[in-house]
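Comments concern the structure below.
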Amino acid sequence: MPKIKILFIQEKKVKKGAISLSDLIENEVPDTYEFEHVNAKEDIISKVAEFSPQIVFISNSKAYDIFELVQRIKGLDSEIVILAMVFTDFDSEREMMDRLTDLGAYKCYTSQLSVDSLIHDMFVSLNME
């Protein structure tokens with residue numbers, strides 16, 4: 001079976017030697033996913049088009065407009081599953097999550113994200129479980 005392609009969009013590059021979310025996922029379910037990372041300084045939409053991921057994981061950032069990114073990614077391919085990590089003050093968190101879901105995000109997470117629940121959600125989003 002071919003690996004599931006996941007693109008991580010984040011503000012900065014992962015520091016060399018640091019443990020990334022993709023490392024944690026790979027540790028739990030080895031040889032299941034193919035990972036790519038893109039940061040805010042790169043052309044994110046070009047990377048999405050080039051890599052053709054099944055899943056895009058976006059970390060909220062001041063470096064880009066997460067709402068615009070969700071719309072543009074869904075405009076490229078409506079089948080891409082978008083998962084979003086929301087970092088904001090508590091009062092606006094629910095509103096932000098609702099808006100992202102309305103724009104086409106499959107699921108939104110807060111800082112309490114567990115790797116196990118993320119892996120489960122990825123399988124479910126692709127109808128693999």
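Predicted model only: the values in this text are computed from it and were never measured.
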- Can Glu68 and Arg72 be counted as an ion pair, charged N to O under 4.0 angstrom? yes
- Message: Between the side chains of Lys47 and Glu36, is the shortest nitrogen-to-carboxylate-oxygen separation below 4.0 Å, so that they form an ion pair?
- Response: yes
Say you draw a straight line from [atom1] of [X] to [atom2] of [Y]; how long is it, rounded to the nearest 0.5 Å?
X: Glu26; Y: Ile119; atom1: CD; atom2: CD1; value: 9.5 Å
X: Leu100; Y: Met85; atom1: CG; atom2: CE; value: 12.5 Å
X: Phe123; Y: Ile55; atom1: CZ; atom2: CD1; value: 9.0 Å
X: Arg99; Y: Ile66; atom1: CZ; atom2: CD1; value: 10.5 Å

Check your understanding: Judged by atom type as modelled, is there a donor-acceptor pair below 3.5 Å linking the side chain of Asp23 to the main-chain atoms of Ser20?
Key ->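 Yes; at least one donor-acceptor contact below 3.5 Å.
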- Query: Taking Lys107 for the side chain and Ala84 for the main chain, is one N or O donor matched with an acceptor at less than 3.5 Å?
  - Reply: no
Counting only heavy atoms not in Lys3, do more than 12 fall under 6.0 Å of its NZ?
yes
For this session: Assess whether side-chain hydrogen bond (donor to acceptor under 3.5 Å, both in side chains) is satisfied between Asp121 and Tyr106, documenting all intermediate values.
Result: CA-CA 9 Å; Asp121 291 342; Tyr106 178 77; 5.8 Å; no
| query | Parallel, tilted or perpendicular for Phe8 and His37, by the 30°/60° rule? | reply | parallel
Tyr33 six-ring face occupied by Lys5 cation (under 6.0 Å, within 45°): no
